[in-house]
Amino acid sequence: MSLPDQSVDFPGWYQEVVKRAEMAENSVTRGAMVIKPYGYAIWEFMQQGMDRRIKETGHQNLYFPLLYPLRLLEKEADHVEGFTPQVAIVTHAGGSKLEEPLVIRPTSEAVIWATYKNWIQSYRDLPLLYNQWANVLRWEMRPRLFLRTTEFLWQEGHTAHETEQEAMAESKMILSDVYRTTVEEDFAMPVIPGRKSASERFPGAQETFTIEALMRDGKALQAGTSHYFGQNFSRAYDVKFQSRDGTEEHPYSTSWGASSRLIGGVVMVHGDEKGLRLPPKLAPYQVVVVPIYKGDQDKAKVLDACNAVAKMLDGLRVKIDDREHFRPGYKFNEWELKGVPVRLEIGAREVDADEVVVYRRDLGEKQTERLAEVGERANSLMAEIQSTLFDQAEVFRDEHTHVPESYEEFNELLSSAAGFVRAPWCGEAACEEKVKAETKATNRALTLEPEAMTTACIVCNNDAKEMALWAQAY
RNA sequence: CGGGAUGUGGCUCAGCUUGGUAGAGCGCCGCGUUCGGGACGCGGAGGUCGUCGGUUCAAAUCCGGCCAUCCCGACCA
């Protein structure tokens with residue numbers, strides 16, 4: 001009945017929570033999951049918040065096909081090299097072999113740039129600020145629910161710009177105004193924004209920006225990435241426009257994505273020994289009302305009171321759990337497992353006294369409230385719980401961010417997945433490889449803007465060029 | 001794709017060593033008693049024991065092939 005201990009078996013705990021909370025389960029298709037209604041509802045609330053911000057920053061949604069010719073993927077050298085190992089290819093259809101194989105999109109730069117070629121002739125056609133919500137397929141050896149599955153859901157933005165400055169500004173703006181705000185405000189997950197080192201960059205990108213979050217097991221999760229491509233894709237796909245000066249130029253481009261993996265993140269950042277703890281902004285039910293009665297004489301009275309209270313919670317997502325075949329204690333445990341932020345308990349005692357028992361999942365505390373004030377109280381609790389979860393995660397993150405003095409200490413911290421480790425780096429891939437081989441940890445992010453360094457690389461002791469954030473990662 | 005393990009009702013597993021009528025807990029269905037932190041009693045449904053072959057009078061059990069899944073490594077949102 002109880003969950004595996006987080007500190008003993010974190011992967012087991014995660015798997016159990018996701019299954020028992022009815023978020024998702026493994027499917028008959030190896031590596032691909034079934035997202036169940038409770039998990040999909042969380043995805044929809046994430047989607048709403050992010051979609052709103054994408055549109056507020058001037059983008060429009062559109063949709064490109066799931067399949068596109070393999071030869072398109074092959075046009076950008078780094079891009080194809082990066083994705084080939086994970087691409088599924090359709091070779092047969094309509095009862096015969098296809099003349100030209102089609103890839104199932106692992107990402108859509110190829111098909112989009114092959115199309116943008118037709119849409120861009122003049123600087124007057126720019127910028128193109130488009131986004132799509134889609135599923136993508138990347139073959140996985142070792143799948144894990146939400147975190148790593150062969151098929152996953154995401155949004156991918158693809159923009160084209162007149163100038164380098166404009167494209168660079170776009171990719172940074174998305175990181176801060178869409179990803180960081182969505183993840184921090186809606187997911188209550190504090191993140192560290194940064195740049196990826198060359199080895200961690202998206203295939204084909206000149207610069208990749210990231211937001212990194214810390215899970216409760218001390219491992220990092222990349223929560224969203226935004227890429228600056230320069231002219232890589234416009235050159236590879238032969239897209240040109242006539243500039244204000246009349247010259248012919250390749251546009252500058254970006255792409256950016258965040259996926260259903262974030263749902264795994266919310267589990268691993270906020271979950272505890274009782275299960276999920278959902279931030280109110282993502283919770284399918286923000287308040288659950290549990291009626292408590294013995295026999296039939298109290299039943300009508302109590303249920304009436306529950307309905308009356310639910311009406312006072314106008315604007316909140318409320319569930320009255322009036323199932324008769326479960327006792328209250330069972331329901332308490334179930335809704336705590338599912339992470340519902342607030343539970344109201346209403347029995348004959350409360351009805352007679354014009355009171356309600358209020359349980360908050362974030363702190364695990366019960367309080368008795370005046371019935372007349374429960375509407376107002378529930379509303380203020382939503383904001384309180386949202387910020388408490390963020391604050392708790394931030395304290396955890398800060399307590400698990402280390403600045404080692406020596407390579408020995410650095411190695412020990414990373415090997416034991418003690419959290420984020422800040423340490424100067426010379427910029428050489430050889431040092432990243434050594435760290436990965438010895439500790440399993442990778443370079444998660446560099447400071448958003450490069451800063452002048454006067455110290456030595458923690459790994460090789462040569463002059464440091466960057467301050468880097470290191471961690472084991474999902 | 002390399003190394004290790006496992007396949008038995010929906011789930012978790014026992015039974016296999018020593019071949020002989022397929023079991024438990026949870027879940028599910030019915031009835032009743034319960035109901036303020038995961039209730040209990042009684043009755044019931046549900047399994048070609050992963051698969052194909054071999055040995056044997058007889059195979060969940062012994063032998064071999066295949067398939068699948070899980071864990072550990074290289075890849076990844």
Side-chain angles (χ1 to χ4, degrees), chain A residues 1-4 9 11-12 15-16 19-20 25-31 81-87 105-108 134-144 146-156 179 183 196 199-203 205 208 210-213 220-227 255-265 274-275 290-299 302 321-337 343-353 355-357 359 364 366 368 433 436-437 440 442 444 473-474:
Chain A
M1 273 305 177
S2 64
L3 292 163
D9 180 15
Q15 203 84 343
E16 279 291 300
K19 284 181 184 166
R20 283 210 231 161
E25 62 187 36
N26 292 312
S27 70
V28 290
T29 310
R30 189 196 135 73
E81 189 190 330
F83 279 106
T84 294
Q86 286 190 288
V87 169
R105 64 178 164 221
T107 179
S108 301
N135 56 341
V136 286
L137 204 81
R138 297 181 187 176
W139 213 251
E140 284 297 343
M141 295 304 165
R142 302 191 49 203
R144 290 188 64 187
F146 289 114
L147 300 173
R148 218 190 293 114
T149 49
T150 284
E151 181 185 358
F152 59 90
L153 306 179
W154 76 346
Q155 58 67 221
E156 48 179 322
Y179 292 157
V183 173
K196 285 294 189 187
S199 64
E200 296 284 329
R201 244 175 240 154
F202 180 85
T208 288
T210 180
I211 50 173
E212 298 284 326
L221 183 80
Q222 181 173 302
T225 50
S226 175
H227 318 289
S255 84
W256 24 279
S259 75
S260 46
R261 170 182 248 197
L262 276 169
I263 296 171
K274 287 180 167 175
V290 178
I292 301 165
Y293 52 82
K294 308 178 192 182
D296 283 340
Q297 76 275 27
D298 289 339
K299 184 175 162 183
V302 168
D321 186 357
D322 56 1
R323 292 175 297 174
E324 299 205 10
H325 48 293
F326 292 114
R327 300 159 95 216
Y330 182 91
K331 295 177 182 177
F332 295 169
N333 283 287
E334 178 171 321
W335 293 115
E336 283 164 19
L337 170 68
R343 177 178 73 236
L344 304 181
E345 305 172 14
I346 300 176
R349 227 151 60 195
E350 284 73 31
V351 178
D352 293 341
E355 291 175 347
V356 177
V357 173
Y359 171 89
K366 274 187 195 184
T368 303
E433 283 161 24
K436 174 121 197 224
K440 294 186 182 176
T442 48
R444 303 315 303 157
Y474 278 96

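Letters go in sequence order (proteins before strands), and every chain restarts at 1.
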Report which part of the nucleic acid [X] touches: base, sugar-phosphate, or nothing (heavy-atom distance under 4.0 Å, all strands).
X         : value
Glu324(A) : nothing
Phe83(A)  : nothing
Leu262(A) : nothing
Thr208(A) : nothing
Lys299(A) : nothing
Pro85(A)  : nothing
Arg343(A) : base
Val136(A) : nothing

Can you say whether a donor on the side chain of [X] sits under 3.5 Å from an acceptor on the base of [N], or the other way round?
X         : N      : value
Arg138(A) : C76(B) : no
Lys274(A) : G37(B) : no
Glu336(A) : G37(B) : yes

Which nucleotide in the list [options] gets nearest to the side chain of [X]?
X         : options                : result
Arg327(A) : G37(B), C35(B), A77(B) : C35(B)
Lys436(A) : G36(B), A77(B), C75(B) : C75(B)
Lys440(A) : A77(B), G73(B), G38(B) : G73(B)

Phe202(A) and Phe83(A) aromatic centres sub-6.0 Å: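 Yes, the ring of Phe202(A) comes within the 6.0 Å limit of the ring of Phe83(A), centre to centre.
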
Face-to-face contact Phe152(A) to A77(B) six-ring, under 5.5 Å, under 30°: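 Whether judged by distance or by angle, Phe152(A) passes, so it stacks on the base of A77(B).
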
Distance, P atom - from C1(B) to C11(B), rounded to whole angstrom: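 Roughly 27 Å separates the two P atoms.
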
Glu324(A) and Lys299(A) ion-paired at < 4.0 Å: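 Result for this pair is yes, salt bridge flagged.
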
Presence of salt bridge, Glu200(A) and Arg444(A), under 4.0 angstrom: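 Salt bridge between Arg444(A) and Glu200(A), a charged N being under 4.0 Å from a carboxylate O: yes.
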
